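Here the structure is laid out as structure tokens; the discussion comes afterwards.
None of the values given here were measured: they were computed from a predicted structure. As the structure lists them, so they are numbered: ligands from 1, and atoms in each ligand from 1.
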Amino acid sequence: MTLLRRHLGVILAGILCATGLPFAAPPAADAASGVSRVSDIRAWTNEIYTRVAIDTGEEVSWQANTLRAEPARGLPPRIFIDIRGAGIQDEILRTPVEVRNGLLRQVRVGRFDRETVRVVIDLERESTYRVFALPGPFRIIVDIDGEGEIPVPPLPPADSTVPAATTAIPPPVESPRVAALQPAPIRKHPVRVMIDPGHGGKDPGAIGPTGLKEKDVVLEIGRKIREKLSRSGEFDVRMTRDEDVFIPLEERTAMANKGRADIFVSLHINASRNGRAEGFSTYVLSRGASNREDLELAARENGVPIRRFQGVKFIIDDMFTGARKNESLRLAKTVNDAVVRHVSTRYPGVHTLGLKQAPFYVLVGARMTAVLVEASFISNAREESRLRDPSCLDGIADGVVEAIRYYGQNGILAYSDY
Ligand SMILES: [Zn+2]
């Protein structure tokens, strides 16, 4: 990887900007008012991956670009993001985020001109990158790929615009073509699993008719999964949260990427205005949703009002997410089948909604096989009461564990060569 693929970043920059092209939107607030301002720069990084999040609170117009290294001036390759009409917090001006890990040197912020704040990411070497924005609160995300190549090129990704109902499940891993291309490597580390209990802290998630909170249920399920999966020693299991704390969605993905997880499982409980809605479903990331319910679900899980969520063109066609899509579909199907089977042994009449696709922010940019489980409806009185029963939560955890075990042995993992 010697050339900076500037075009990739430039083409993708701003696609998620809800109002269209970068700089097309009027600033949400002028710099003087201080309403819209760069209030924090957050970074997660290892030597092959970096995610930088720039918090502006209100929506701003922005543009990303790159500069090549200038050895004569001692300047490294740089990615810069210009933010129009935003103020800036003084501490951020004074304190660059220093990293120096072989991929990222530092992130610094300055006033480029009276109207523009410039965030500069100094790289240690030229790298592929992409930039997008997430609303509510507004933040600009920069994902930097220090490898420039897909670690494991599996089957071509499925067309993510195909509605979930018609999505074909990819062929099993034993198919001769895959076997020929991908001789099973000898693993040098246990399969790394990142379990992500959704919501937490100030974000309770969905709340049932008698007050049961999604954030508490999914944390309990996550702990059970970790406990069961860790017993054999074959898995290195981590959790994005192990207590009642709020963690932004982009940080959860970054934690999985930074930790080089092979498998990412985000845990949620569904909800609907229709109190009779019921059943288990497991999702993979797609640009859009095949029906209104799935779009509403994704908007709620993303913490974005549905009116702002519609029309957002979602980018998932980065190389990692695209390359992992078939694997994610396979794991999602395995998880959903196993969860329904395990819960069914304890309760009669368990419904399945099956494998589905929707634009969940928490799955965007995941470099590994990544799925999101919606383990029944907390808005349904019967399912809520079931979710209060530890034996039901055990059933859900047993299903996820069984699926991860199967997938760990049969799937194409993201970091099998490490
Ligand atoms: Zn949720």
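The angle subtended at the Zn ion (ligand 1) by OE2 of E301 and OE2 of E214 is 100°, given to the nearest 10°. Here the Zn ion (ligand 1) is the vertex; the NE2 atom in H199 and the ND1 atom in H268 give an angle of 100° (to 10°).
Between D394 and K228 there is a salt bridge, since at least one side-chain N of the basic residue sits less than 4.0 Å from a carboxylate O of the acidic one.
Considering R130, R51, R367 in turn, R367 is the only one that fulfils the salt bridge (Lys or Arg N to Asp or Glu O under 4.0 Å) rule with D145.
Here CZ of R386 is found 8.5 Å from CD1 of I396. Values are rounded to the nearest 0.5 Å.
R37 and Q89 are linked by a side-chain donor-acceptor pair at a separation below 3.5 angstrom, with hydrogens and angles left out of the test.
Taking 2.8 Å as the threshold, E374 does not count as a candidate ligand of the Zn ion (ligand 1), since none of its N, O or S atoms lies below it.
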